[in-house]
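To keep things clear, I will list the structure first and then write my remarks on it.
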Amino acid sequence: MGKRKAPSRENTPNSDFCEFLTELAEYEKNVSRNIHKYNAYRKAASVLSSHPTRITSGQEAKKLNGIGEKIAKKIDEFLQTGKLQKLDNIHNDSKTTAINLLTQVTGIGPAKAQTLVSEGITSLEDLEKHKDKLNHHQLIGLKYYHDFQQKIPRNEIKQIENLIRGHLEPQIHLTICGSYRRGKQQSGDIDALITHPNYTSSQPKKKQNLLKNVVTALQNCGLITEIISLGDTKFMGACKLDKNSITRRLDIRLTPFDQYFCAVLYFTGSDMFNKQMRAHALDAGFTLNEYTLRPVGSTGVPGEPLEIHSERDIFDCIGFPYKEPQDRNQ
DNA sequence: ATGTGAG
DNA sequence: ACTCACATA
Ligand SMILES: Cc1cn([C@H]2C[C@H](O)[C@@H](COP(=O)(O)OP(=O)(O)OP(=O)(O)O)O2)c(=O)[nH]c1=O
């Protein structure tokens, strides 16, 4: 989707702890730029989210893997006062709120937001007055800030899918992936996967301009309205269904015909599901990406790709229980 | 090459 | 977890 945080909005016995820990994690990533503290808070939230019983003291929490002295203390404070002084301070900090706003525009990350704030640019209005400080991606993010905040109804994605297919040469196969393929009623963006039987891993140069041709065709029919980035295999941009529609984020990924199943698996996600499954693959002695599943020995050098004839093949090869797309949300 | 951003 | 595209150096 456009740009949103990923809070694990669950109703576990310790979900309130998880909530403030992930908020602290976001603060460390976006404001302090401390990736290690960010990971520490994430890990602590993760163990707590899967802990089956209510934690009643910092001391009890410390027994869990990933919770040390400092986080245990915060749990005690939260237990005793119902809040965290550090979080209160963060909420009242103008620099933090500015960075949290600016990083909502696509193309602006923590680093760019930091320099903008240090230059006194803290609002969308400020950005409008200083467009010279933005690159192409960030300009589009600003222009469509409000559009990209809106979720896309499933039915609109269906219509866009049909429109795209109608403007593709019949040999090109199209699959809409992402949260749409996972059955969600609304999505943050549209993830389109395309293949062509003459574009394969052995002859990748043939049809090398296939993606560019597709993009220009979709521009000419009026669907694609903006290009954020465009390489040989990945397009990022924006589209709109018709004149009065909301502008939507559209990603297109071109994949070799013979590697379609690894590609749909990757592009369907979710992101956390992919990380989980790829970690499991490593445990089973394989490395998995959007192209191939390969054995990786003690040498660390991946071997020859396994033959894959379905999504399920990939699960079977690494001994991971098969999940339908709608069950791959985490 | 490396950092950044996004995926 | 693992990759793509861009903007710098
Ligand atoms: C962000 C991200 C995505 N992906 C993959 C899995 C995602 O399903 C796929 C598309 O990414 P997204 O479009 O960012 O996510 P989504 O489609 O699952 O959810 P929504 O659009 O509704 O917000 O790319 C990763 O493998 N790693 C990542 O870090």
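Worth saying up front: this structure is predicted, and the values here are computed from it rather than measured. In the text below, chain A, chain B and the rest are named by the order of the sequence lines, each starting its count at 1.
With rounding to whole Å, A:L254 atom CG is found 19 Å from B:dG7 atom P. One can place NZ of A:K112 at 12 Å from P of B:dT4, the figure rounded to the nearest angstrom. For A:L139 and B:dG5, the CG to C1' distance is 15 Å, given to the nearest whole Å. For the pair A:K29 NZ and B:dG3 C1', the computed distance is 16 Å after rounding to whole Å.
Each of A:L163, A:I164, A:T225 was checked for a side-chain contact (heavy atoms from CB on, under 4.5 Å) with A:L218, and the lone residue meeting it is A:I164.
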task = Kindly indicate, with the supporting measurements, whether the criterion side chain to side chain contact (heavy atoms under 4.5 Å, CB included) is fulfilled by A:D316 and A:R312.
result = CA-CA 6 Å; A:D316 291 346; A:R312 188 185 290 270; 3.7 Å; yes
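Checked by atom type and distance alone, the side chain of A:N14 pairs as donor or acceptor with a backbone atom of A:I55 at under 3.5 Å. Proximity of a side-chain donor or acceptor of A:D251 to a complementary backbone N or O of A:M236 within less than 3.5 Å is not detected.
Across every non-hydrogen atom of A:L254 and A:D232, the tightest pair is CD2-O, 3.8 Å.
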task = Scan nucleotides 1-7 of chain C nucleotide by nucleotide, 5' to 3', and note B when protein non-hydrogen atoms come under 4.0 Å of the base, S if they reach only the sugar-phosphate, - if neither.
result = BBSBSS-
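Rounded to whole Å, the C1' atom of B:dG5 lies 15 Å from the corresponding atom of C:dC2.
Under a 4.5 Å side-chain heavy-atom cut-off, the cluster of Ile, Leu, Val, Met, Phe, Trp and Tyr residues that includes A:F261 is completed by A:L193, A:Y260, A:V264, A:L265, A:Y266, A:F267, A:F273, A:M277, A:F286, A:L288, A:L293, A:L306, A:I308, A:I314, A:F315, A:I318, A:F320, A:Y322.
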